[in-house]
Amino acid sequence: MNRNTHSARANDHRTTDVLVVGAGPTGLMLGCLLRHHDIACTVIDRRDTIDPRTRAVMVHAAGLEILDTLGLRTTVEDAGVRRTRIDFHTRHHALFTVDFTTLDTPFPYYVNVPQPEVEAVLADHFTATGGRLLRGLRYTGHQEDEHGVTAEAVTDDGPHTLTARHLVGADGASSTVRTALGIDFPGITYPMSYLLAEGAPTRPADPDASAMYIGPAGAVSLLPLPHGAVRIAGPVSPEALDRDSELSTRHFRDTVDALGFGPALRFERVDRIAHYQVHERLAERFTSGRTVLAGDAAHLNSPAGGQAMNTGFGDAWALAWRLAALDAGSPAPLLADYDRERRAAAAEVARTTGVLQLLDAMRHATTETARDSVQRSLTGYAEAWSQLYLRYHPAPTPAATPAPAATPAPAPGTAPLALPARTGHRLHPGARVPGHRPEPGHHTCLHLPDATPDPAHLPPHTRTAELTPTQRAWLPTGTTAVLVRPDGHVARTLPTDPHTTAGATAETEKEAA
């Protein structure tokens, strides 16, 4: 048992602010962020130890920013390998590239790091900061009322009861919490089998890139891992394999060799081999009363672009500050906002990971003109896969109450009033400020240093903005300051006209209260 894991058998009854079911990367990240907001949290998991299988691998820039906020980025990076490109190779020697070095972030790259390593770092941090991690405890159901949630769980020693203000189901694709809530999980299962092998390659991997090799009848990814190992995986089998059938090393080698890349995709030593199926599913809702779904319990998508672990991190990042605000007594419909925003974000991730048509275009790009067209079509994929630029459309403002043009920085626990979504490639309500590190639980007003508004009409405790040139270019004309939520998304842009700002302040204060 992990040295920082508490025994579930030590106590039959525990009370906490937030109970998280599932100690995978999403549940542990949420626990760490809740402790960052000084919220009491207990995470339970039916397994006695961390699952040693590699499973998810890639941590993108948005995830690295979250880890950096917690002081964990360097530790996670040290357990993985940094890469700046994804290269696509075809049989006719074409090369297409998705380059991450131009991302508007302090961390313009991604890190290939095995999921168990990430979970270990998060688990140690969670318990070191006062979180309670209970392993060997299987959730069986819960009830809730206006005061909180009472959850039931079992161990080898018998039943246990835990109470909390809120319950989060981060217990994976087969979520028991989601089943208990009766929430449907519609979607599709891809018809082909995906094959996976890990081990030592016959050729060293590119020191800067992961790769995708596209043959006439399939494609596989090659992901460099620590200590010179690689993972080769993809939908290369011409027929679905039975889930329980054995997959031999020879079968894997013969299937991959059929792509026609020879030694580039061969192993000197195979340490692990498996096959699985890929699902694309989205829960019909992410919330039910005081209970919330996050991570794979809420959404599943193709492995293209390495999005699964990162989308779970995004859920945790969006949920933690809301739960902190609710704990502080906010009357705002923050969980409904989480449901609306993160369901839309998960749907957008699913859209950007549907790359079968793109791979087919690469497969048939045999002329220079066709290759140029395919490379142009890759524009924006680094931004999408990094998950830095997901935009949240604000909730509709009732017609009877026009949205104000500006607002003072809300007190901790209050939600920003939302302006209608603007169009175009510019910073707008719902756009994220990459690299922004707000105080836990607080909205932050960032004043643009070259703007000249009347200081009397700026919110108190305004900080000077450190926006990048790209971020500044996105701003609407006349912006003097931006109000940023705790998750780094813009809640409001403030105009230069002090009369407009002043006229909205009284009504905004009344509604925010």
Side-chain angles (χ1 to χ4, degrees), residues 57-58 83 85-99 188-199 201-206 209-224 230-243 245-268 270 272-280 301-307 350-379 381-382 385:
V57 169
M58 300 174 78
R83 291 296 185 268
R85 306 190 322 272
I86 298 177
D87 290 339
F88 296 81
H89 303 266
T90 71
R91 280 280 297 276
H92 41 79
H93 306 295
L95 176 65
F96 307 98
T97 295
V98 174
D99 184 1
I188 62 172
T189 298
Y190 284 47
M192 70 288 287
S193 290
Y194 277 62
L195 309 185
L196 175 152
E198 294 172 349
T202 57
R203 292 182 179 179
D206 188 308
S210 298
M212 177 73 77
Y213 289 85
I214 307 160
V220 295
S221 60
L222 187 151
L223 300 179
V230 299
R231 167 189 285 186
I232 297 176
V236 295
S237 178
E239 71 283 335
L241 293 171
D242 182 83
R243 183 179 180 87
S245 64
E246 291 294 328
L247 176 64
S248 69
T249 301
R250 179 176 179 179
H251 184 186
F252 183 89
R253 184 196 65 203
D254 292 346
T255 307
V256 173
D257 276 353
L259 296 177
F261 292 94
L265 294 175
R266 288 181 185 156
F267 286 99
E268 182 178 284
V270 175
R272 177 191 173 203
I273 192 165
H275 66 91
Y276 58 98
Q277 286 190 296
V278 169
H279 310 272
E280 186 174 298
N301 56 268
S302 160
Q307 300 295 282
R351 187 189 67 80
T352 63
T353 57
V355 297
L356 294 181
Q357 288 185 338
L358 176 64
L359 298 182
D360 196 54
M362 292 177 178
R363 190 176 287 116
H364 294 96
T366 57
T367 67
E368 196 66 32
T369 299
R371 292 172 183 175
D372 288 345
S373 176
V374 169
Q375 184 61 55
R376 286 194 301 272
S377 72
L378 291 174
T379 302
Y381 270 85
W385 287 344

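Throughout, numbering of the chain's residues begins at 1 and tracks the sequence. Please read these numbers as outputs of a predicted model, since none were measured by experiment.
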- Okay, side chain of S373, backbone of T369: is any donor-acceptor separation there less than 3.5 Å? no
- Does L223 offer a backbone N or O that forms a donor-acceptor pair with the side chain of R83 under 3.5 Å? no
- Which of L222, L196, V270 passes side-chain contact (heavy atoms from CB on, under 4.5 Å) with I232? Answer is L222
- Query: So which pairs with a foot in residues 355-367 pass salt bridge (charged side-chain N to carboxylate O under 4.0 Å, His left out), sequence neighbours left out?
  - Reply: D360-R363
If you look at every heavy atom in [X] and [Y], which pair is closest and at what distance?
| X | Y | result |
| --- | --- | --- |
| A361 | V374 | O-CG2, 3.9 Å |
| A209 | P224 | O-CG, 3.6 Å |
| F261 | G215 | CE1-N, 4.0 Å |
| R85 | D206 | NH2-OD2, 3.3 Å |
| Q375 | L95 | OE1-O, 4.4 Å |
| H364 | H92 | N-NE2, 4.4 Å |

[atom1]/[X] to [atom2]/[Y] distance, rounded to the nearest 0.5 angstrom?
| X | Y | atom1 | atom2 | answer |
| --- | --- | --- | --- | --- |
| S302 | H279 | OG | NE2 | 12.0 Å |
| M58 | S221 | CE | OG | 9.0 Å |
| L359 | M212 | CG | CE | 5.5 Å |
| T366 | R371 | OG1 | CZ | 7.0 Å |
| Y194 | H275 | OH | NE2 | 15.0 Å |
| D99 | D87 | CG | CG | 9.0 Å |

Counting C-beta onward and ignoring hydrogens, is there a side-chain heavy-atom pair between [X] and [Y] closer than 4.5 Å?
| X | Y | result |
| --- | --- | --- |
| L358 | Y381 | yes |
| V256 | R266 | no |
| V230 | F267 | yes |

- Query: Taking it one step at a time, do M362 and L378 satisfy side chain to side chain contact (heavy atoms under 4.5 Å, CB included)?
  - Reply: CA-CA 11 Å; M362 292 177 178; L378 291 174; 3.9 Å; yes
- Taking the six-membered ring for Trp, are Y213 and H89 parallel (under 30°), tilted (30 to 60°) or perpendicular (over 60°)? parallel
- Query: Listed by chain and number, what are the salt bridge (Lys or Arg N to Asp or Glu O under 4.0 Å) partners of R253, not counting sequence neighbours?
  - Reply: none
- Task: Take V98 and F88, measure what side chain to side chain contact (heavy atoms under 4.5 Å, CB included) needs, and give me the verdict at the end.
- Result: CA-CA 8 Å; V98 174; F88 296 81; 3.8 Å; yes
